[in-house]
*Asks:* 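Quick one: this structure, given as structure tokens, is what I'll be asking you about.
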Amino acid sequence: MSLARRSLLRASLALPFLGGAITTQAEDFAGTYAPEAQAVADGIWMVRGADAPIEFANGGAIANSAFLATNAGTVLFDPGVSRAHGQALGALAAKVAGMPVTRVYVSHLHPDHAMGAAAFAPAIVHALPATREDLLRDAPGFSDAMYRLLADWMKGTQLALPQGDVAAGETSFGGRKFRLMALEGHSHGDLALLDHATGTLLAGDLVFHDRAPSTPHADLARWRAALTTLAATPHARLVPGHGPLDTQGAAIAQTRDWLDWLEASLTRAVDMGLTMSEAGALAIPPRFAAMKAARYELQRSVAHFYPALEERLLPAL
Amino acid sequence: MWTYHAARLFAGAEVRFDPLVRLEIPMIAENQRVFPVTLDARALADVRRILIFADLNPIPLALDYAPLRAQAFLATRIKLDQRTPVRAAALTGDGTWHLAGQWIDAAGGGCSAPPVSRVKGDWAQHLGEMRGRAWPEGEDPRRSATRLRVTLRHPMDTGLVENIPAYNLESLVVRAPDGAELARLAIAGSVAEDPAFTLVVEGRDASYTVKARDTSGLEFEGTIPAPHPVTAR
């Protein structure tokens with residue numbers, strides 16, 4: 001790098017402020033994860049993530065996790081975003097459930113759910129075969145992205161691949177009987193867990209609640225089919241991947257409503273000739289007013305779906 | 001970099017940061033290889049030229065647009081190689097540049113990772129495939145204008161990827177059936193792979209011929225029919 005270019009780069013730091021947050025992530029990092037457990041049923045706790053995008057301010061702790069107490073130790077469903085996050089969840093699980101974590105399930109590939117597996121022995125971390133395949137391909141990229149966004153929160157987080165050995169069906173662990181459901185649509189492999197004693201359904205990111213669904217690997221037709229399966233699975237309460245506990249049976253319908261609206265709106269936007277920026281600025285209906293991060297997820301979804309919709313809908317010349 | 005770009009792009013001219021220039025970009029660069037940018041400077045009169053650039057990109061200037069018989073509106077997708085200001089500049093007939101810009105955070109590599117079609121290996125089978133459509137623009141029937149959207153398949157190689165030389169579209173011209181030029185774009189490798197452009201031309205012609213040319217001299221041509229229902233110009 002020449003001296004002239006260096007001085008130009010330095011000069012760029014004095015650019016007029018143009019809007020958008022310019023954060024400085026200083027060297028005095030002292031962030032610690034402080035997860036809190038909420039008892040939702042006999043022997044089951046939920047840990048709420050922030051209903052926000054992955055940001056340095058929240059350490060990436062945006063996904064929900066759950067603990068299930070068993071006679072053979074605690075089951076942790078979704079170990080968080082980083083090694084420190086996974087460790088904090090493990091410590092909390094041991095405290096509230098009375099036994100250390102002896103089994104971990106990763107619901108799907110996304111880093112806010114999967115990368116905290118680094119805090120646990122690989123032999124006890126399980127996922128669907130599709131999720132392991134996804135992570136073999138995408139984990140290095142996720143790691144780069146998370147270290148860039150979260151910096152020191154990610155310290156020591158090595159790539160940890162789960163065992164891709166989860167099969168759909170009835171099973172039990174430490175005397176606790178549950179059903180593992182191998183679904184897809186939010187990603188290529190979405191694991192849901194139904195606890196039989198309490199009727200608690202851990203839905204992973206197939207279900208969002210009062211927080212807009214994210215779609216980076218979504219197949220909307222398959223996602224709808226998975227929602228139909230979940231809706232047809234009797235349950236007393238549902239722990240969504242993001243957002244508050246659902247005891248009213250509302251979250252599955254809300255997730256479907258958003259996906260239907262999203263697909264219809266983007267299809268119409270392409271058909272009307274809107275640009276991607278204009279589509280990202282579409283009015284969001286009032287019925288979604290309670291949904292956190294709605295504008296943010298709409299703009300992400302435009303990026304995910306728009307080029308393919310154009311390919312399908314614009315006439316060839 | 002601002003000092004450098006300003007000296008190079010706007011040498012000697014008056015430059016004004018102007019809220020009449022609207023730059024619409026998403027709040028997140030979800031894909032640093034495909035970042036949408038929409039510029040609307042129609043609140044200004046007599047716009048002669050429009051530039052879209054990103055200060056900290058290795059190929060900063062993405063588009064240089066001459067809206068000959070078109071409105072001061074342009075949308076496309078660009079690559080971002082890192083966190084950078086994204087800016088749009090509109091030159092009015094009095095020689096003044098009107099600017100808008102916003103910082104956007106972005107993961108690295110938008111310009112320096114190979115394009116998807118190079119990785120898939122199918123770029124040559126689809127090179128130059130063009131899609132497009134026209135729509136009536138605006139609600140004022142007395143001032144008819146036509147929105148054109150056109151997409152082309154092109155790898156738009158930046159030259160910054162090992163063993164892949166620069167290869168990109170370098171121009172795109174829209175003509176009326178009588179051959180009159182309506183809009184002319186100069187295009188750089190920092191425009192996203194499989195480029196998409198949205199323009200708004202004045203009036204309504206029976207059809208619009210789009211001719212693009214790349215840095216190997218290949219030319220791609222397509223004709224967009226007028227929107228339905230056709231109204232007299």
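These numbers come from a predicted model, not from an experiment. Numbered from 1 within each chain, the chains take letters A, B, ... in sequence-line order.
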*Asks:* Heavy-atom cut-off 4.5 Å, strictly under: side chain, backbone, both or neither for B/V37 against chain A?
*Replies:*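 When you check distances to chain A, only backbone atoms of B/V37 fall under 4.5 Å.
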*Asks:* So that I can tick it off, tell me whether A/R312 and A/E310 are bridged by a salt bridge, with the cut-off set at under 4.0 angstrom between side-chain N and carboxylate O.
*Replies:* no
*Asks:* Counting a contact as any heavy-atom pair under 4.5 Å apart, which residues of residues 254-262 of chain A contact chain B?
*Replies:*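 Within residues 254-262 of chain A, near chain B: nothing under 4.5 Å.
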*Asks:* Under 4.5 Å from any heavy atom of chain A, what part of B/T223 do you find: side chain, backbone, both or neither?
*Replies:* backbone
*Asks:* Determine, for B/E129 against B/R131, whether the closest basic-nitrogen to carboxylate-oxygen distance falls under 4.0 angstrom.
*Replies:* no
*Asks:* Could you tell me which of B/T151, B/D105, B/I25 has the largest number of non-hydrogen atom pairs under 4.5 Å with chain A?
*Replies:* B/D105
*Asks:* Do A/Y306 and A/S301 meet the criterion of a side-chain donor-acceptor pair at a distance under 3.5 Å?
*Replies:*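 A/S301 and A/Y306 do not have a side-chain donor-acceptor pair below 3.5 Å.
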*Asks:* Examine whether an atom of B/A106 lies under 4.5 Å from a heavy atom of chain A, and if so say whether it belongs to the side chain, the backbone or both; otherwise answer neither.
*Replies:* backbone
*Asks:* Taking atom types as modelled and ignoring hydrogens, do the side chains of B/N31 and A/H304 form a donor-acceptor contact shorter than 3.5 angstrom?
*Replies:*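 No.
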*Asks:* I'd like to know if B/D55 pairs up with B/R87 as an ion pair, taking the criterion as any Lys NZ or Arg NE/NH1/NH2 lying under 4.0 Å from an Asp or Glu carboxylate oxygen.
*Replies:* yes
*Asks:* Under the criterion side chain to side chain donor-acceptor pair (under 3.5 Å), which of B/D214, B/N168, B/D194 is the partner of B/H154?
*Replies:* B/D214
*Asks:* Is a salt bridge present between B/E193 and B/R153, judged by a nitrogen-to-oxygen distance below 4.0 Å?
*Replies:* no
*Asks:* For B/F73, is it the side chain, the backbone, both or neither that has a heavy atom under 4.5 Å from a heavy atom of chain A?
*Replies:*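 Answer is side chain: those atoms of B/F73 sit under 4.5 Å from chain A.
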*Asks:* If we count only N and O atoms by modelled type, under 3.5 Å, do the side chains of A/S82 and A/T157 hold a donor and an acceptor together?
*Replies:* no
*Asks:* Under a 4.5 Å heavy-atom cutoff, which of A/R300, A/M272, A/E278, A/M276 has the most pairs with chain B?
*Replies:*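 Highest number of pairs under 4.5 Å: A/R300.
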*Asks:* Measure the acute angle between the ring planes of A/H186 and A/H110, then classify it against the limits of 30° and 60° as parallel, tilted or perpendicular.
*Replies:* perpendicular
*Asks:* Under a 4.5 Å heavy-atom cutoff, which of B/A75, B/G222, B/A107 has the most pairs with chain A?
*Replies:*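 Sorted descending by pairs with chain A, the first entry is B/A107.
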*Asks:* Checking A/A145 against chain B: side chain, backbone, both or neither under 4.5 Å from a heavy atom?
*Replies:*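 No part of A/A145 comes within 4.5 Å of chain B.
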*Asks:* With no hydrogens and no angle check, just 3.5 Å: does a side-chain donor-acceptor pair link A/H108 and A/D190?
*Replies:* no
